[in-house]
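Read through the structure below, which is laid out as structure tokens, and then see the notes.
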Amino acid sequence: MVKSVTIVGGGTAGWMAASYLKAAFGDRLSVTLVESRRVPTIGVGEATFSTVRHFFDYLGLTEAEWMPSCSATYKLAIRFENWRAPGHHFYHPFERLRSVDGFPLTDWWLRNGPTGHFDKDSFLIASLCDANKSPRSLDGLLFEAPQEHKETRKRTTLSDQITQFPYAYHFDAALLASFLAKYAMARGVRRIQDDVLDVLLDEHGWIASIATREHGRLSSDLYVDCTGFRSILLNEALAEPFKSYQDTLPNDRAVTLRVPVPPSVEGLRPYTTATAMESGWIWTIPLRGRIGTGYVYASDYCDPEDAEQALRSFVGPACDGLEASHIGMRIGRSRNSWVKNCVAIGLSSGFVEPLESTGIFFIQHGIEQLVKHFPADGWRPETIASYNRAVAHCMDGVREFLVLHYRGAARADNAYWRDTKTRRIPDSLAERVEQWKVKPPDSQSVYPYYHGFEAYSYVAMLLGLGGIPLRAPAALELMDCAAAHREFTLVAETADRLLRNLPTQYEYFQRN
Ligand code: FAD
């Protein structure tokens, strides 16, 4: 019976895991979290994916309870700038596509869209982003998005895909970790601030205990490795191999800045921006009172000094005097994230660059899977294998989707961007791309295992990036497009009404 868990690491992964395990199992599970005072957390990870809403719901937290403490804002989309050509932009929104006569609206758009902008013609969220709108009216009601965007106070998980949410959040990672630490400790999690110096194995190679600097040896039934890129339990002590994705994804470093900016209508944008650069891309994440920004780049094409300079020029005078932080990124995943009595969650398990904000999504997915596979009645190899399959599929799927961003971007104006067109792509993706050239992505033709992204995301990215041309399904030539035109008109009329009625995000947070 597994009755006790020790989590090593007090970053976003550690505290999310501690909170979730307590929300799931309460006092029936004893949870200890050990975090070093000397080893800093990674200090980034501030844009999220729309499923994160389920995490807070599961903890029983309303937005009013956690958002203000974490400087959080709404994120309706990612705005991609300059990926096709300088000056071009498009949105990848958190909004499922409407369908007409069995075909998604973007198929009809390819046949005969009303304007040259697939995102505004097909999704409401693109218009809301352009106008810096909040997804909620001043009285707190969620905007009228299509179909499954229903609010629920039930404890939902990623398996309940029906409750996909039309937005995610930006938040201050350090504030979130402190908030969750309070939440978890109030529910009985024991926090130990100390360094883990050694991991001791028993005669079967299972973790017997961890040796700390000041608290001696600590032991429990299960260990959760949340030690970040170091992965001191899984990759170091248990020597589980790490499979790099670097052959398919070029970026391996980042330089970041935290820039104080007074809140304003223009500043509180309800989206993350990903701006393509000479050797990578820059993220811009608006929080209440500052932006988080960073240049993710490939060290084969750019050195850290040039990257920092490029980031500073991009931000402008607001970053004068601010210290930048340089980060080496370990891109890939552990062969298995659960080995013996150790489960790695967070950067210790795996990571792909943050282009689609999936780091925290991986954490959430890992924790949910751990709860679903929890070895309450003992260790079964099948349970562990099933967990490992789910985690591997999820990360491999996101890797495929990110590779598509580079392969699909029309931009090929220098050695870095040309490299992204000739670099290896996973075989399965190469096959899919050929298929998508004759029939846009649908649920049957995208990566088949759960990885968070649905067909509409692939369609939005391919239409926006412009390097892999899509064509409308031939059948539409023989179909009456009157209903599709009515739907395009409905999207435009609904967007106009929302623009009139919704407050800006800035106005919303002035009152809420
Ligand atoms: P860390 O934050 O590194 O925490 C590790 C913890 O382990 C710390 O508490 C440390 O003290 C502790 N520790 C280490 N060694 C010891 C020891 N010997 N003894 C005791 N304690 C120890 N994700 C997103 O979802 N959205 C984003 O926008 C995003 N942007 C990112 C940008 C970059 C450049 C990078 C690199 C990552 C980004 N991520 C993003 C990923 C995200 O930052 C991480 O998934 C998240 O912060 C979780 O990190 P962690 O808790 O696994 O590791």
Side-chain angles (χ1 to χ4, degrees), residues 6-18 32-52 55 75 78 168-174 176-178 180-181 191-199 210-215 218 223-234 236-237 251-257 272-274 280-285 287 292-297 307 311 324-331 337 344-367 395 398 452:
T6 296
I7 298 169
V8 184
T12 308
W15 285 114
M16 280 179 73
T32 301
L33 185 144
V34 187
E35 61 180 337
S36 168
R37 283 201 202 87
R38 298 162 206 242
V39 183
T41 60
I42 191 95
V44 281
E46 306 195 317
T48 58
F49 187 61
S50 65
T51 51
V52 74
F55 174 81
K75 169 184 172 186
I78 301 176
Y169 309 101
H170 304 120
F171 48 62
D172 182 305
L176 181 77
S178 314
L180 292 179
R191 171 197 230 171
I192 295 178
Q193 293 186 303
D194 201 349
D195 294 313
V196 172
L197 302 179
D198 199 6
V199 178
I210 52 175
T212 61
R213 193 184 297 278
E214 295 162 19
H215 293 78
L218 305 170
Y223 296 83
V224 181
D225 182 345
C226 294
T227 57
F229 285 137
R230 289 174 185 79
S231 188
I232 60 175
L233 280 71
L234 184 78
E236 263 183 48
N251 300 332
D252 58 351
R253 292 196 64 79
V255 51
T256 74
L257 283 165
T272 304
T273 306
W281 59 278
I282 285 180
W283 79 74
T284 308
I285 296 176
L287 304 174
T293 184
Y295 185 5
V296 174
Y297 62 96
L311 179 63
S325 159
H326 289 265
I327 300 172
M329 301 189 303
R330 190 177 75 143
I331 303 295
S337 289
I345 291 180
L347 298 174
S348 56
S349 157
F351 178 61
V352 293
E353 61 173 84
L355 187 51
E356 286 283 350
S357 316
T358 46
I360 291 163
F361 164 66
F362 287 152
I363 296 170
Q364 182 185 4
H365 180 254
I367 300 169
M395 289 195 195
V398 171

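Just so you know, residue 1 is the first one in the sequence shown, and it goes up from there. Indexing begins at 1, ligand by ligand and atom by atom, following the structure's order.
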Check: [X] side chain, [Y] main-chain N or O, donor-acceptor pair, under 3.5 Å:
X	Y	value
R191	E35	no
D195	L197	no
T212	H215	yes
D225	L234	yes
D194	E214	yes

- Task: Show the numbers, then the answer: is there a side chain to side chain contact (heavy atoms under 4.5 Å, CB included) between V44 and W283?
- Result: CA-CA 11 Å; V44 281; W283 79 74; 4.0 Å; yes
Of all the atoms in ligand 1, which lie at a distance below 4.0 Å from a heavy atom belonging to [X]?
X	result
G346	52 (O)
V44	31 (C), 32 (C), 33 (C), 35 (C), 37 (C), 38 (C), 43 (O), 47 (O)
I360	23 (N), 24 (C), 25 (O)
C226	5 (C), 6 (C), 7 (O)
D194	20 (C)
I42	1 (P), 2 (O), 3 (O), 43 (O), 47 (O)
A254	34 (C)
D195	19 (N)

Answer yes or no for [X]: is there a heavy-atom contact with ligand 1 below 4.0 Å?
X	value
I232	yes
W283	yes
V296	no

How does [X] reach ligand 1, if at all, at less than 4.0 Å between non-hydrogen atoms: by side chain, backbone, both, or neither?
X	result
A173	neither
E46	backbone
P354	side chain

Quick one: nearest non-hydrogen protein atom to [atom], plus distance?
atom	result
atom 22 (C) of ligand 1	S36 CB, 3.7 Å
atom 48 (C) of ligand 1	I363 CD1, 3.6 Å
atom 14 (C) of ligand 1	V39 CG1, 3.7 Å
atom 40 (C) of ligand 1	G45 CA, 3.4 Å
atom 53 (O) of ligand 1	G228 CA, 3.4 Å
atom 41 (C) of ligand 1	F351 CE1, 3.5 Å
atom 12 (C) of ligand 1	G9 CA, 3.7 Å
atom 51 (O) of ligand 1	A13 N, 3.0 Å

- Task: Mind checking the CG-CZ spacing from L347 to R330? Nearest 0.5 Å is all I need.
- Result: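 Spacing of CG (L347) from CZ (R330) equals 8.0 Å.
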- Task: Any chance you could measure I331, atom CD1, to D252, atom CG, to the nearest 0.5 Å?
- Result: 7.5 Å
Taking both backbone and side-chain atoms of [X], is any N or O found less than 3.5 Å from an N or O belonging to ligand 1?
X	value
G14	no
G10	yes
L347	yes

- Query: Should I360 and F171 be marked as a side chain to side chain contact (heavy atoms under 4.5 Å, CB included) after you check the CA-CA gap, both sets of side-chain angles, and the distance that decides it?
  - Reply: CA-CA 11 Å; I360 291 163; F171 48 62; 3.8 Å; yes
[X] side chain near [Y] side chain, heavy-atom distance below 4.5 Å:
X	Y	answer
F55	T48	no
E356	V398	no
M16	L180	yes

- Message: Judged on heavy-atom distance to atom 19 (N) of ligand 1, which of L197, T41, I7, V196 sits nearest?
- Response: V196
- Grab the two heavy atoms, one from G11 and one from T41, that are nearest each other, plus how far apart they are. CA-CG2, 3.7 Å
- Message: Run the ring pair (Phe, Tyr, Trp, His ring centres under 6.0 Å) test on Y295 and Y297 for me, step by step, so that the C-alpha distance in whole Å, both residues' side-chain angles and the decisive distance to 0.1 Å come before the verdict.
- Response: CA-CA 6 Å; Y295 185 5; Y297 62 96; 5.6 Å; yes
